[in-house]
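For this chain, numbers begin at 1 and follow the sequence in order.
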Amino acid sequence: MLLFTLLLEVIWILPANGGQHWTYEGPHGQDHWPASYPECGSNAQSPINIQTDSVTFDPELLVLQPHGYEQPGTEPLDLHNNGHTVQLSLPPTLYLEGLPRKYVAAQLHLHWGQRGSPWGSEHQINGEATAAELHIVHYDSESYDSLSEAAQRPQGLAVLGILIEVGETKNPAYEHILSHLHEIRHKDQKTSVPPFNVRELLPPLLAQFFRYNGSLTTPPCYQSVLWTVFSRRAQISMGQLEKLQETLFSTEEEPSKLLVQNYRAPQPLNQRAVFASFIQVGSLYTTGRRDWETGKVWSSPQHEPLRHRLLLGHHRCLPLAY
Ligand SMILES: *[C@@H]1O[C@H](CO)[C@@H](O)[C@H](O)[C@H]1NC(C)=O
Ligand SMILES: [Zn+2]
């Protein structure tokens with residue numbers, strides 16, 4: 001058993017080589033992942049399409065509090081092109097409060113599409129993808145000593161998913177990453193970036209989110225992730241998106257292959273529940289609108305009478321519409 005665990009860890013830590021080779025498209029593409037990585041074909045995979053009329057409001061969900069995000073130390077952070085994504089290492093001084101245990105940060109990375117494509121996120125909300133998605137990966141440091149150990153255990157990881165859309169202006173926080181991409185154009189190249197305020201990569205409002213049990217979205221697809229997908233989006237400029245789509249290569253040398261379309265298709269929900277931290281009353285009532293603006297999370301005693309009224313007043317009511 002110990003040997004088996006060690007073996008799994010070796011597979012997890014080693015880069016994709018020695019037969020452990022996967023891509024998003026083609027003969028080793030996502031449809032073929034389960035053949036080499038059985039868990040990729042299992043029944044609680046990520047990403048998912050979040051249908052907001054099927055989510056369950058959970059008034060017990062706590063608003064996540066990221067700690068240490070504003071100042072991630074004084075040492076430079078490693079930025080790495082691993083051939084599948086661009087990944088920034090994070091120190092364990094960054095951690096999350098508001099989950100069943102303390103989860104410390106390990107890394108963040110991005111998923112995106114290709115030039116001219118408005119789709120590149122992994123998660124979808126009501127069937128709609130966005131231009132890109134940020135994942136901030138944390139592990140349960142109370143139960144496990146390392147990311148690789150936690151990555152194979154139920155709820156060993158907590159990943160934040162931030163949908164990214166194109167807005168009018170350049171997002172200076174994302175520039176701390178994007179301005180260094182040209183230094184790591186090829187697979188396995190690394191550079192270091194000065195520490196910056198990681199909190200600013202997130203949407204300003206964190207109170208509205210979805211929570212579900214899922215998996216890593218890349219092989220070996222371990223079903224170890226407690227997911228938090230924020231309802232609000234972060235925005236970057238079109239120029240920034242194009243830099244993400246056009247700078248990196250997935251190969252070490254010529255012929256170079258652009259690192260694009262590194263997102264997995266939504267996976268079947270199967271028997272899983274998706275919980276929401278909020279009630280979106282939608283456009284029916286201006287009060288609901290105000291909640292949308294302030295992100296006020298309804299607690300059940302306040303909410304129940306309103307929901308009741310809505311149900312009585314409208315034969316078809318979507319209390320959780322996005
Ligand atoms: C995740 O799975 C665990 C174990 O089955 C369960 O206790 C927990 O409520 C689930 N959490 C969510 C968000 O579905
Ligand atoms: Zn990811």
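- One N or O on the side chain of Ser121 and one on the backbone of His123 form a donor-acceptor pair closer than 3.5 Å.
- Under the rule for a ring-ring contact (aromatic ring centres under 6.0 Å, His included), the partners of His28 that lie at least two apart in sequence or sit in another chain are His21.
- Pairs engaging residues 35-83 under the disulfide (SG to SG under 2.5 Å) rule: Cys40-Cys221 [sequence neighbours left out].
- At distances below 3.5 Å, not a single donor-acceptor pair connects side-chain atoms of Thr191 with backbone N or O atoms of Leu79.
- The side chain to side chain donor-acceptor pair (under 3.5 Å) check on Ser224 picks up nothing, with sequence neighbours excluded.
- Checked by atom type and distance alone, the side chain of Asn270 never pairs as donor or acceptor with a backbone atom of Arg272 at under 3.5 Å.
- The environment of Glu25 atom CD is sparse: at most 12 non-hydrogen atoms of other residues, nucleotides or ligands sit within 6.0 angstrom.
- Residues Tyr212 and Ser46 have side chains in contact (heavy-atom distance under 4.5 Å, counting atoms from C-beta outward).
- Remark: Thr218 OG1 to Trp22 CH2 distance equals 4.5 Å, nearest 0.5 Å.
- For the pair Arg211/Leu61, a side-chain contact is recorded, criterion being any heavy-atom separation below 4.5 Å from C-beta on.
- Across every non-hydrogen atom of Leu241 and Ala132, the tightest pair is CD1-CB, 4.4 Å.
- Look at Glu133 and Arg264 and you find no salt bridge, because none of the NZ, NE, NH1 or NH2 atoms lies under 4.0 Å from a carboxylate O.
- No side-chain heavy atom of Lys187 sits under 4.5 Å from any side-chain heavy atom of Lys257.
- Using modelled atom types, one side-chain atom of Gln240 and one backbone atom of Asn171 make a donor-acceptor pair closer than 3.5 Å.
- Residues that satisfy the side chain to side chain donor-acceptor pair (under 3.5 Å) test with Ser192, not counting sequence neighbours, are absent from this structure.
- Within the structure, the ring-ring contact (aromatic ring centres under 6.0 Å, His included) test picks out the following pairs touching residues 238-269 (sequence neighbours left out): His186-Phe249.
- Each disulfide (SG to SG under 2.5 Å) pair with one or both residues in residues 72-159, not counting sequence neighbours, would appear here, but there are none.
- The CG atom of Leu248 sits 11.5 Å away from atom OG of Ser256, with the distance rounded to the nearest 0.5 Å.
- Applying the side chain to side chain contact (heavy atoms under 4.5 Å, CB included) criterion to Thr93, with sequence neighbours excluded, gives Pro91.
- Between atom CD1 of residue Ile136 and atom CG of residue Leu110 there is a gap of 9.5 Å, rounded to the nearest 0.5 Å.
- The line from CG of Leu147 to CG of Asp140 is 11.5 Å long, rounded to the nearest 0.5 Å.
- Identified under the salt bridge (Lys or Arg N to Asp or Glu O under 4.0 Å) test for residues 158-169, with sequence neighbours left out: Glu165-Arg233.
- Considering only heavy atoms from C-beta on, Gln114 stays 4.5 Å or farther from Gln245 through its side chain.
- Taking the six-membered ring wherever Trp is involved, the centroid distance between the rings of Trp33 and Tyr24 falls below 6.0 Å.
- Checked against side chain to side chain donor-acceptor pair (under 3.5 Å), Gln155 has the following partners two or more places apart in sequence or in another chain: Asn213.
- Interatomic distance, Phe209 CZ to Thr228 OG1, rounded to the nearest 0.5 Å: 6.0 Å.
- Listed for the Asn81 side chain is no donor-acceptor partner under 3.5 Å among the backbone atoms of Gln189.
- Evaluation of the ring-ring contact (aromatic ring centres under 6.0 Å, His included) test over residues 143-179, restricted to residues two or more places apart or in two chains, returns His176-Phe196.
- Side chain of His111 to backbone of Asn262: a donor-acceptor contact under 3.5 angstrom is found.
- Between His84 and Asn82, the closest side-chain pair of non-hydrogen atoms falls below 4.5 Å.
- Closest of all the heavy-atom pairs between Gln107 and His109 is OE1-ND1, 2.8 Å.
- Taken to the nearest 0.5 Å, the CD atom of Glu39 stands 9.0 Å off from the CD atom of Gln152.
- By the rule that hydrophobic residues join a cluster once side-chain heavy atoms approach within less than 4.5 Å of another member, Phe275 and Leu62 end up as members of separate clusters.
- Shown here are the salt bridge (Lys or Arg N to Asp or Glu O under 4.0 Å) partners of Glu242, two or more places apart in sequence or in another chain: there are none.
- Checked against salt bridge (Lys or Arg N to Asp or Glu O under 4.0 Å), Glu200 has no partners two or more places apart in sequence or in another chain.
- Residue Leu157 comes nearest to Tyr139 through the heavy atom pair CD2-CB, 3.7 Å, listed as atom of the first residue, atom of the second, then distance.
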